[in-house]
Amino acid sequence: LMFHDAFMSHLLLVEDDNILASTVADFLRMEGYEIKIAKDGVEGLEMLNMERPDLLILDLILPKKSGEDVLEELRKQEGLKDLPVLVLTVKQDEQSMRRCLDLGIQGYLIKSDYSLKEIEKNIRQLLKK
């Protein structure tokens, strides 16, 4: 069993693609992060309300509630409105990007353009701020 130090960052990944979710989560765990996975927007919000992570990694195309709707709801909540959010999605349209930026996200990554290492680098930079 690994003993985690107090500086370990807690991440929540909201991603409905099981294979992608476990690939990303396994990689980030090896890099020393603690990470939980939610499979849809509703579960994501429930988990955010139970325990605020240091960073949310959010897909936009999700069952039950879209990533954009999740963002909108969490920004209305006192304890979550300044939560750092990294969007990781296949959606490349201007409208999605703008809506997310208006809702105060910290990063918008297109899945196919980024390796796991680059995703981790983005996370590390965001957590430093």
Side-chain angles (χ1 to χ4, degrees):
L1 233 103
M2 282 173 65
F3 290 97
H4 298 310
D5 58 50
F7 303 111
M8 167 169 285
S9 298
H10 290 256
L11 312 173
L12 174 63
L13 171 63
V14 187
E15 170 61 70
D16 60 318
D17 176 332
N18 289 336
I19 293 169
L20 182 69
S22 28
T23 305
V24 172
D26 289 348
F27 180 80
L28 292 172
R29 284 188 188 112
M30 286 188 327
E31 296 291 315
Y33 296 89
E34 204 154 287
I35 182 160
K36 295 193 167 90
I37 300 172
K39 302 284 186 219
D40 60 60
V42 173
E43 189 187 8
L45 277 169
E46 281 168 8
M47 288 171 80
L48 284 169
N49 283 313
M50 283 190 300
E51 183 188 356
R52 180 192 154 119
D54 298 307
L55 177 79
L56 170 64
I57 306 164
L58 182 64
D59 186 14
L60 295 181
I61 304 167
L62 293 166
K64 296 186 187 172
K65 197 183 278 288
S66 75
E68 290 97 333
D69 290 347
V70 168
L71 257 178
E72 211 148 87
E73 285 192 34
L74 70 91
R75 289 308 184 214
K76 289 182 191 143
Q77 296 179 28
E78 199 46 55
L80 295 170
K81 58 171 185 251
D82 57 349
L83 176 73
V85 178
L86 179 63
V87 169
L88 184 60
T89 185
V90 294
K91 284 178 96 172
Q92 303 193 39
D93 61 289
E94 196 71 26
Q95 202 183 353
S96 300
M97 282 186 199
R98 183 155 296 134
R99 188 171 170 203
C100 290
L101 288 167
D102 288 345
L103 288 163
I105 62 161
Q106 277 56 50
Y108 193 104
L109 304 184
I110 308 298
K111 284 177 182 174
S112 54
D113 294 355
Y114 289 87
S115 68
L116 289 170
K117 273 197 163 55
E118 290 172 313
I119 291 169
E120 193 277 326
K121 202 175 121 194
N122 273 275
I123 291 169
R124 202 166 355 124
Q125 287 167 342
L126 288 178
L127 289 169
K128 266 193 208 125
K129 288 175 190 167

Where is the tightest heavy-atom contact between G32 and M8, given as atom of each residue plus distance?
-> O-CE, 2.8 Å
What residues form a salt bridge (charged side-chain N to carboxylate O under 4.0 Å, His left out) with E72, not counting sequence neighbours?
-> R99
Decide yes or no for N49 and Q77: does some side-chain heavy atom of the first lie under 4.5 Å from some side-chain heavy atom of the second?
-> yes
Trace of the side chain to side chain contact (heavy atoms under 4.5 Å, CB included) decision for Y108 with K91 | CA-CA 10 Å; Y108 193 104; K91 284 178 96 172; 3.8 Å; yes
Partner set under side-chain contact (heavy atoms from CB on, under 4.5 Å) for E31, not counting sequence neighbours = F27, Y33, E120
Under 4.5 Å between any side-chain heavy atoms of L13 and L28, yes or no?
-> no
Begin with the C-alpha distance, continue with both residues' side-chain angles, and end with the deciding distance and a verdict on side chain to side chain contact (heavy atoms under 4.5 Å, CB included) for M47 and L56.
-> CA-CA 11 Å; M47 288 171 80; L56 170 64; over 6 Å; no
Take C100 and L60 through the side chain to side chain contact (heavy atoms under 4.5 Å, CB included) test and state the conclusion after the steps.
-> CA-CA 9 Å; C100 290; L60 295 181; 3.8 Å; yes
For K65 and L45, which heavy atoms make the closest approach, and how far apart are they?
-> CD-CD1, 3.6 Å
In short, Q92 meets M97 closest at the heavy-atom pair O-CE, 3.6 Å
Got a list of side-chain donor-acceptor pairs under 3.5 Å for residues 14-21, not counting sequence neighbours?
unit_1, atom_1, unit_2, atom_2, d
E15, OE1, K111, NZ, 2.9
E15, OE2, D17, N, 2.9
D17, OD1, I19, N, 3.0
D17, OD1, L20, N, 3.0
N18, OD1, K39, NZ, 3.2

Set of side-chain contact (heavy atoms from CB on, under 4.5 Å) partners for S115, sequence neighbours left out = K117, E118
Check P84 against Q106 and note the closest heavy-atom contact, atom names and distance.
-> CA-OE1, 3.1 Å
D54: partners by side-chain contact (heavy atoms from CB on, under 4.5 Å), with sequence neighbours left out = S9, H10, L127
If you round to the nearest 0.5 Å, how far is CG of L74 from NZ of K81?
-> 11.5 Å
Do you know which two heavy atoms are closest between L86 and L55, and how far apart they sit?
-> N-CD1, 4.3 Å
Quick one: pull up CG in L103 and CD in E73 and give me the separation to the nearest 0.5 Å.
-> 11.5 Å
Which distance, rounded to the nearest 0.5 Å, do you find between the CZ of R98 and the CD of Q95?
-> 9.0 Å
So how far is it from L48 CG to L12 CG, rounded to the nearest 0.5 Å?
-> 5.0 Å
Given side chains that start at C-beta, do those of I35 and P53 come closer than 4.5 Å, heavy atoms only?
-> no
Drop me the distance from L83's CG to L80's CG, to the nearest 0.5 angstrom.
-> 6.0 Å
Please write out which residues are connected to I61 in a hydrophobic cluster, directly or through intermediates, given that two of Ile, Leu, Val, Met, Phe, Trp, Tyr count as joined at side-chain heavy-atom separations below 4.5 angstrom.
-> V90
